[in-house]
There are 2 protein chains.
Amino acid sequence: MKALDITEVAQRSGVPASTLRFYEEKGLIASIGRRGLRRVFPGHVLEQLTLIAAGRAAGFSLDEIARMFAPDGQPDIDRGMLSAKADELDATIRQLTAMRDGLRHAAACPAPRHLECPTFRRILRAAAAGRLSRPARLTPVRK
Amino acid sequence: MKALDITEVAQRSGVPASTLRFYEEKGLIASIGRRGLRRVFPGHVLEQLTLIAAGRAAGFSLDEIARMFAPDGQPDIDRGMLSAKADELDATIRQLTAMRDGLRHAAACPAPRHLECPTFRRILRAAAAGRLSRPARLTPVRK
DNA sequence: ATGCCAATTCAAGCTGACTTGAGGTCAAGC
DNA sequence: GCTTGACCTCAAGTCAGCTTGAATTGGCAT
């Protein structure tokens, strides 16, 4: 796979150069040299970046993601960790679903005080019940 | 509903007093007076805290929660906004569901390299494609 | 050989949601 | 009336994940 300099990586991946440098510093990706001042990355860095984005989307921290890569950049994913995360996501999904239903109900319910509406209270309980553990951040809030 | 001082609220809700003060400063909850130095809150603050927790669980920021609910816990903003939020949550839920399925697959898949597994790649694409919108944070990382 | 321009380094700053610490105050118990 | 202890205020610190700014460097075109 062809080598790409940092600007090309930034353009193709949509990840800002500053973030690429930051990720390199953190050990999430590795450059294979320089072209003048410019970092040069191996072509597969693009897939790594996709993986990183997906991991972030699933709620992994950068540190956790870093732990998933072997030193050579090959994914070395702990399967137990993956299913643990899947379980976490399941809990999150249930919670979000309850919240969504709560919001829909609140939007439709004519009761003057939602906290007194039994349906809303039931939904609240459900939403508050399971404790999630990690953010599922997405949309890098790129403006 | 009976008034509670800050310590009682903290004990019953599990929310630290420092956080209660912080929430009050932010306008998310309101005290109704003092008993000596101590803030006194109306009894329904407990339900408001539940609502706040649920909102945080669903990925709303404190500011958003403040905007969605009047200080008394009544949904304040127009119903259109509430259903818009519900729609947002729906998108997030679909995304997380795809991600969860991806993780489960990765945990089970015997392929030596996930990046070479077609299913995993498809899931990666899906995860990278749809952009979630918000974090779903919970478990206040209370140690 | 001389500039230009973009990339580099390093430190500092930013946002969100709190927590922590220093120093002050108040009601209550002895 | 004095000590005690919990709460008070206000400022500063923390953590993650980046971004921004200042000063520097190096390839490329003239």
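Chain letters run A, B, ... following the sequence lines, proteins first, then strands; residues in each count from 1.
Here the closest non-hydrogen pair linking A:Arg34 and A:Val40 is C-CG2, 3.9 Å.
A:Gln11 places no side-chain N or O within donor-acceptor distance of the main-chain N or O of A:Glu8, the cut-off being under 3.5 Å. With A:Arg100 contributing its side chain and B:Ala58 its backbone, the two residues share no donor-acceptor pair below 3.5 Å.
Whole-Å rounding puts the A:Arg34 CZ to D:dT25 P distance at 14 Å. Rounded to whole Å, the distance from CG on B:Leu49 to P on C:dA17 is 15 Å. If you measure from atom CD1 of B:Ile6 to atom P of C:dA27, you get 16 Å, rounded to the nearest angstrom. To the nearest angstrom, P of C:dA7 lies 12 Å from CZ of A:Phe41. Rounded to whole Å, atom P of C:dT20 lies 15 Å from atom CG of B:Leu20. The CZ-P distance, from B:Arg67 to C:dG16, rounds to 10 Å in whole Å. The distance from atom CG of A:Asp63 to atom P of D:dC15 is 12 Å, rounded to the nearest whole Å. D:dA16 atom P lies 14 Å from atom CD1 of A:Ile65, rounded to whole Å.
For the contact set between residues 22-29 of chain A and DNA chain C, defined by any heavy atom under 4.0 Å, there are no members.
Side-chain nitrogen and oxygen atoms of A:Arg35 include none within less than 4.0 Å of the OP1 or OP2 phosphate oxygen of C:dT8. In terms of phosphate contacts, A:Arg38 brings no side-chain nitrogen or oxygen within less than 4.0 Å of OP1 or OP2 of D:dG27. Distances shown here put a side-chain N or O of B:Thr19 below 4.0 Å from the OP1 or OP2 atom of C:dT19. Here A:Arg21 does not reach the OP1 or OP2 of D:dC18: none of its side-chain N or O atoms lies under 4.0 Å away. Put simply, A:Arg39 has a side-chain N or O that comes within less than 4.0 Å of OP1 or OP2 on C:dT9. A close approach under 4.0 Å does occur between a side-chain nitrogen or oxygen of A:Ser18 and OP1 or OP2 of D:dT19.
More than 12 heavy atoms of other residues, nucleotides or ligands sit less than 6.0 Å from atom CZ of A:Arg79.
When the nucleotides D:dT9, D:dT19, D:dC7 are ranked by their closest atom to the side chain of A:Pro16, D:dT19 comes out on top. For B:Leu37, whose side chain is taken as the heavy atoms from C-beta onward, the closest listed nucleotide among C:dC18, C:dC26, D:dC18 is C:dC26. Among the nucleotides C:dT8, D:dT19, C:dA7, the one closest to any side-chain atom of A:Thr7 is C:dA7.
Salt bridge A:Arg122/A:Asp101: absent, no basic N to carboxylate O contact under 4.0 Å.
Residues A:Thr7 and A:Asp5 have side chains that bring a donor and an acceptor to within less than 3.5 angstrom of each other.
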### Message
Using salt bridge (Lys or Arg N to Asp or Glu O under 4.0 Å), reason through A:Glu88 and A:Lys85 one step at a time and then give a plain yes or no.
### Response
CA-CA 5 Å; A:Glu88 258 177 45; A:Lys85 275 295 171 186; 3.3 Å; yes
